Amino acid sequence: MKKFLVIIFILGILGYLAHLWTENMCRDVVKKLNLTGAEAKVKYEECLRW
């Protein structure tokens with residue numbers, strides 16, 4: 001039972017780190033394209049749907 005909880009905890013941490021990595025990657029894409037305002041928001045949301 002203890003091993004099961006540790007595995008779930010580790011998978012949760014990996015999922016959270018993957019989420020953070022995706023957000024940072026999308027921010028970098030928007031910065032790289034020098035987008036602002038509505039264009040930046042649309043591109044960021046489109047990137048998150050990836």
Side-chain angles (χ1 to χ4, degrees):
M1 184 69 178
K2 201 173 192 182
K3 289 180 184 179
F4 183 69
L5 292 175
V6 169
I7 290 171
I8 289 177
F9 180 72
I10 290 172
L11 288 176
I13 289 175
L14 289 175
Y16 180 70
L17 290 175
H19 178 71
L20 289 178
W21 177 78
T22 304
E23 285 182 349
N24 285 333
M25 182 190 68
C26 290
R27 282 189 202 118
D28 289 344
V29 166
V30 171
K31 280 183 184 178
K32 191 179 218 182
L33 296 174
N34 293 325
L35 299 175
T36 59
E39 292 176 332
K41 185 177 180 182
V42 169
K43 185 66 176 177
Y44 179 75
E45 290 173 356
E46 178 184 312
C47 180
L48 287 179
R49 281 187 255 136
W50 169 73

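The chain is numbered in sequence order, starting from 1. Computed from a prediction, not measured in an experiment: that's the story for all the values here.
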Trainee: OG1 of Thr22 to CG of Leu17: how many Å apart, nearest 0.5 Å?
Mentor: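 Reported value, rounded in 0.5 Å steps: 10.5 Å.
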
Trainee: Sequence neighbours left out, what pairs pass disulfide (SG to SG under 2.5 Å) with at least one residue falling in residues 10-46?
Mentor: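 Listed by first then second residue: Cys26-Cys47.
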
Trainee: Taking side-chain hydrogen bond (donor to acceptor under 3.5 Å, both in side chains) as the cut-off, I'd like each qualifying pair that reaches into residues 27-47, sequence neighbours left out, listed once.
Mentor: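 The answer is Asn24-Arg27.
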
Trainee: Give the minimum heavy-atom separation between Ala40 and Val30, together with the two atoms involved.
Mentor: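 So the two residues come closest at CB-CG1, 3.6 Å.
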
Trainee: For the atom pair CG (Leu48) and NE2 (His19), what is the distance rounded to the nearest 0.5 Å?
Mentor: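 It is 7.5 Å, given to the nearest 0.5 Å.
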
Trainee: If two hydrophobic side chains count as joined below 4.5 Å and joins carry through other members, does Val29 share a cluster with Trp21?
Mentor: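 Different hydrophobic clusters.
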
